[in-house]
Amino acid sequence: MQRGALEIMPGPAEAARLCAARTAAALREALETRERVAVALSGGSTPKLLFAAWLQENLDWARIDLFQVDERGVPPGDPQNNADMIVSHLVEPASIPPGKFHRIESQRSPSEAALRYAELLRSRLGDQPRFDLILCGAGADAHTASLFPGDPLIEDRTGLVSSTWVSKLNQWRITLLPRVLLDAAHLIGLVAGADKAQAMARILDADSPLHLAPARVLRETLNHLSWFLDTAAAADLPPEIRA
Ligand code: 6PG
């Protein structure tokens with residue numbers, strides 16, 4: 001199980017800018033040999049910092065197909081809707097044609113939204129969907145995507161997408177499953193803030209149990225894994241990991 005490359009920057013904006021530069025370089029390299037690339041984006045608030053930095057990178061967005069990592073069980077227009085956040089903070093400011101961003105249809109029932117999203121992935125990326133880059137965050141409880149502590153989906157290594165009830169949030173979620181996350185060519189963890197420090201220490205601790213730190217699942221990837229943290233999120237990492 002790999003730890004992945006670890007970059008620790010003074011603050012959230014610096015971590016996001018470094019993440020933007022490295023991920024833009026990886027996408028440009030992929031576009032040297034392929035006409036199109038596929039990227040999956042997490043929701044929440046941290047991605048907004050990356051999106052702002054990506055807007056300065058002059059990426060060829062017309063050749064980048066955007067997808068979601070996960071969605072809350074709320075319809076478009078709800079303030080919590082991740083797809084709306086991606087549209088307002090990236091798709092619109094980057095003038096990305098709406099057809100290039102493939103939303104999870106959270107206006108449908110959770111199970112139907114998951115089924116249709118899996119069908120979309122298969123139709124666009126084939127039966128073994130392999131993203132060029134997947135952006136993940138981590139919650140203060142060490143969840144990633146919508147894989148929360150104690151969810152048996154953390155152990156799933158065959159499915160593509162599932163709906164899942166998150167009791168602590170009293171909310172349905174629709175999420176990519178570990179197999180899709182782990183198959184990404186470049187897996188990115190962008191995590192900032194003091195409230196994530198304990199979670200990051202658990203995520204990067206080789207001995208912490210997966211069901212208590214689901215974001216640890218990212219370390220199973222055989223491809224490229226990179227963590228971009230600010231000093232606050234890295235505060236509880238032991239010296240040997242920071243080195
Ligand atoms: C979501 C995200 C989730 C996110 C973490 C961190 O729907 O909430 O996909 O996995 O990455 O919760 O969120 P913040 O960036 O807001 O801290």
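First listed ligand is number 1; within each ligand, the first listed atom is number 1.
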Q: Hydrophobic cluster mates of F148, side-chain heavy atoms under 4.5 angstrom, ILVMFWY only, any path?
A: V166, L169
Q: May I ask you to decide whether R28 forms a salt bridge with E57, counting only side-chain N to carboxylate O separations under 4.0 Å?
A: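 Salt bridge flag = yes for E57 with R28.
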Q: Note every protein N or O atom lying under 3.5 Å from an N or O atom of ligand 1, pairing the names and giving the distance.
A:
residue: ligand 1; atom: 7 (O); partner: D70; partner atom: OD2; Å: 3.3
residue: ligand 1; atom: 7 (O); partner: R72; partner atom: NE; Å: 2.8
residue: ligand 1; atom: 7 (O); partner: N82; partner atom: ND2; Å: 2.9
residue: ligand 1; atom: 7 (O); partner: R173; partner atom: NH1; Å: 3.3
residue: ligand 1; atom: 8 (O); partner: R72; partner atom: NH2; Å: 2.9
residue: ligand 1; atom: 9 (O); partner: G43; partner atom: N; Å: 3.2
residue: ligand 1; atom: 9 (O); partner: D70; partner atom: OD1; Å: 2.6
residue: ligand 1; atom: 9 (O); partner: D70; partner atom: OD2; Å: 2.8
residue: ligand 1; atom: 10 (O); partner: H143; partner atom: NE2; Å: 3.4
residue: ligand 1; atom: 10 (O); partner: A145; partner atom: N; Å: 3.4
residue: ligand 1; atom: 10 (O); partner: A145; partner atom: O; Å: 2.6
residue: ligand 1; atom: 12 (O); partner: H143; partner atom: NE2; Å: 2.8
residue: ligand 1; atom: 15 (O); partner: S45; partner atom: N; Å: 3.4
residue: ligand 1; atom: 15 (O); partner: T46; partner atom: N; Å: 2.9
residue: ligand 1; atom: 15 (O); partner: T46; partner atom: OG1; Å: 2.6
residue: ligand 1; atom: 16 (O); partner: S45; partner atom: N; Å: 2.7
residue: ligand 1; atom: 16 (O); partner: S45; partner atom: OG; Å: 2.8
residue: ligand 1; atom: 17 (O); partner: K196; partner atom: NZ; Å: 2.6

Q: Hey, does the side chain of R63 reach the backbone of R34 with a donor-acceptor pair shorter than 3.5 angstrom?
A: yes
Q: Under a single-linkage rule joining Ile, Leu, Val, Met, Phe, Trp and Tyr whose side-chain heavy atoms are separated by less than 4.5 Å, which residues share a cluster with W165?
A: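 Besides W165, the cluster holds W172.
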Q: On a heavy-atom basis, which atom in R72 and which in Q80 lie closest, and how many Å separate them?
A: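 What the structure gives for the nearest pair is NH1-O, 2.8 Å.
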Q: Partners of H186 by ring pair (Phe, Tyr, Trp, His ring centres under 6.0 Å), sequence neighbours excluded?
A: H224
